[in-house]
Amino acid sequence: MEFLQQLEISEATFVMASNSKTYIFGGDQPWSPHDWTASDDRVRGGASHSYLECDPPSNAARFHGHLDIHALGGAGFASQRTTGDRMWDLTGNDGLELDIRQSDGKKYTLTLKDTVLPKRPDGREQSTINWEYDFHATDKGPFVIRWKDFRATYRGKDKEDAPPLDRSSIKRISIMMRSFFGTQEGDFSLEIASIAAIQTEN
């Protein structure tokens, strides 16, 4: 039981078999640094920083950096998000498959957005609803995150009355490291083989 609580993927499903898989990043859709950009707490006066390095020979990406929780008094975040005006239609799928190649065992967050608003006059992004899934990647290998496992948040708080995620119009994908109320900080590293939309048999 303690092991399952540590993994925090009791709602997720390890992949045994699948009907189909559509790669978003990795697999037949090679990782590219041009698809990602940093979105760290430095926009709010913090000192965290993140990077996403793509390794063509292994077709994997390494999300890493340093999470500083002192500049913002115990808070902090470092993330990489997709760039441009890309959109993914993921209807007909049961969820996302996240294939972890190597991890430091820290707690990460995978975030989806179906709405991206124009930037404010000061250049900062306007807040919209995030669909988040937190996980400890202590084991290698793929696991499935079903749509129901993503929770809606707005400005860091749960949004119980949020409309359903529009899976036909996913406009942003983010990978985040954050302090979780000061419980983690320092260097972090997560190596991802692929992110894919998946249809499962069960």
Side-chain angles (χ1 to χ4, degrees), residues 6-18 20-41 48-67 76-84 86-88 90 93-113 130-147 149-151 165 167 170-180 184-200:
Q6 180 185 19
L7 287 181
E8 291 194 357
I9 54 174
S10 57
E11 293 294 329
T13 304
F14 280 97
V15 176
M16 301 301 292
S18 63
S20 65
K21 180 191 303 186
T22 303
Y23 285 103
I24 302 173
F25 297 102
D28 60 6
Q29 300 292 323
W31 293 88
S32 170
H34 302 296
D35 293 332
W36 298 84
T37 188
S39 181
D40 303 329
D41 60 20
S48 302
H49 51 87
S50 69
Y51 309 93
L52 192 134
E53 296 179 349
C54 303
D55 181 31
S58 65
N59 196 19
R62 179 174 171 246
F63 170 55
H64 67 103
H66 183 85
L67 178 66
F77 65 90
S79 69
Q80 291 281 318
R81 64 168 179 81
T82 52
T83 58
R86 302 183 66 180
M87 186 186 74
W88 295 271
L90 304 183
N93 294 284
D94 299 312
L96 296 181
E97 180 196 86
L98 189 60
D99 191 352
I100 303 300
R101 181 161 293 176
Q102 192 71 41
S103 172
D104 55 14
K106 292 185 175 181
K107 192 175 183 179
Y108 292 85
T109 302
L110 181 68
T111 301
L112 307 178
K113 279 182 178 287
N130 291 329
W131 293 86
E132 301 181 351
Y133 179 78
D134 302 324
F135 63 95
H136 277 106
T138 53
D139 265 8
K140 298 179 183 179
F143 63 90
V144 172
I145 311 166
R146 298 186 182 276
W147 300 126
D149 299 331
F150 287 92
R151 75 182 195 282
L165 173 67
R167 300 196 296 269
I170 303 299
K171 296 179 178 176
R172 181 167 294 171
I173 301 172
S174 303
I175 307 167
M176 177 182 287
M177 159 59 62
R178 54 185 167 185
S179 69
F180 288 101
Q184 57 184 14
E185 61 177 309
D187 294 339
F188 61 88
S189 179
L190 179 71
E191 189 174 345
I192 306 171
S194 63
I195 301 173
I198 194 167
Q199 294 179 350
T200 58

Check whether [X] reaches the backbone of [Y] with its side chain - one donor and one acceptor, N or O, closer than 3.5 Å.
{"X": "Asp104", "Y": "Leu190", "value": "no"}
{"X": "Trp31", "Y": "Ala193", "value": "yes"}
{"X": "Gln184", "Y": "Arg178", "value": "yes"}
{"X": "Asn130", "Y": "Thr111", "value": "no"}
{"X": "Asn59", "Y": "Pro56", "value": "no"}
{"X": "Lys107", "Y": "Met177", "value": "no"}
{"X": "Ser189", "Y": "His64", "value": "no"}

message = Within the 4.5 Å heavy-atom criterion, are Asn93 and Ile198 side-chain neighbours or not?
response = no
query = Does a side-chain heavy-atom distance below 4.5 Å link Thr37 with Leu52?
reply = no
Could you tell me which non-hydrogen atom of [X] sits nearest to which non-hydrogen atom of [Y], and how far apart they are?
{"X": "Ser194", "Y": "Gly26", "value": "CB-CA, 4.0 Å"}
{"X": "Met87", "Y": "Lys171", "value": "CG-CG, 4.3 Å"}
{"X": "Phe135", "Y": "Leu110", "value": "CE2-N, 4.0 Å"}
{"X": "Gln199", "Y": "Asp94", "value": "CA-OD2, 3.3 Å"}
{"X": "Arg101", "Y": "Ser58", "value": "NH1-O, 3.1 Å"}
{"X": "Trp147", "Y": "Leu112", "value": "CZ3-CD1, 3.9 Å"}

At what distance, to the nearest 0.5 angstrom, does [atom1] of [X] lie from [atom2] of [Y]?
{"X": "Arg86", "Y": "Ile170", "atom1": "CZ", "atom2": "CD1", "answer": "13.0 Å"}
{"X": "Cys54", "Y": "His34", "atom1": "SG", "atom2": "NE2", "answer": "9.0 Å"}
{"X": "Arg62", "Y": "Tyr51", "atom1": "CZ", "atom2": "OH", "answer": "11.0 Å"}
{"X": "Asp99", "Y": "Ile192", "atom1": "CG", "atom2": "CD1", "answer": "9.5 Å"}
{"X": "Arg167", "Y": "Phe150", "atom1": "CZ", "atom2": "CZ", "answer": "11.0 Å"}
{"X": "Arg81", "Y": "Met176", "atom1": "CZ", "atom2": "CE", "answer": "11.0 Å"}

ask   = Would you say the side chains of Asp40 and Ser48 form a donor-acceptor pair under 3.5 Å?
value = no
ask   = Can you find a side-chain donor-acceptor pair between Asp134 and Thr109 that sits under 3.5 Å?
value = yes
Pair Phe188 and Phe63, ring centroids less than 6.0 Å apart = yes
query = Between Asp187 and His66, does a side chain to side chain donor-acceptor pair (under 3.5 Å) hold up when you go through it step by step?
reply = CA-CA 4 Å; Asp187 294 339; His66 183 85; 2.8 Å; yes
ask   = Looking at Glu132 and Arg151, does any basic side-chain N land under 4.0 Å from a carboxylate oxygen?
value = yes
ask   = With Thr82, which residues qualify under side-chain contact (heavy atoms from CB on, under 4.5 Å), at least two apart?
value = Phe25, Trp36, Trp88, Arg172, Ile173
request  = For side-chain contact (heavy atoms from CB on, under 4.5 Å), just list the numbers for Ile24 and Leu90, CA-CA rounded to whole Å, side-chain angles, deciding distance to a tenth of an Å, and then say yes or no.
outcome  = CA-CA 10 Å; Ile24 302 173; Leu90 304 183; 4.2 Å; yes
request  = Decide side-chain contact (heavy atoms from CB on, under 4.5 Å) for Lys21 and Glu97; before the verdict, give the C-alpha distance in whole Å, the side-chain angles of both, and the deciding distance to 0.1 Å.
outcome  = CA-CA 8 Å; Lys21 180 191 303 186; Glu97 180 196 86; 3.2 Å; yes
task = Please assess Ser50 against Phe77 for the test side-chain contact (heavy atoms from CB on, under 4.5 Å), listing each intermediate value before the final yes or no.
result = CA-CA 9 Å; Ser50 69; Phe77 65 90; over 6 Å; no
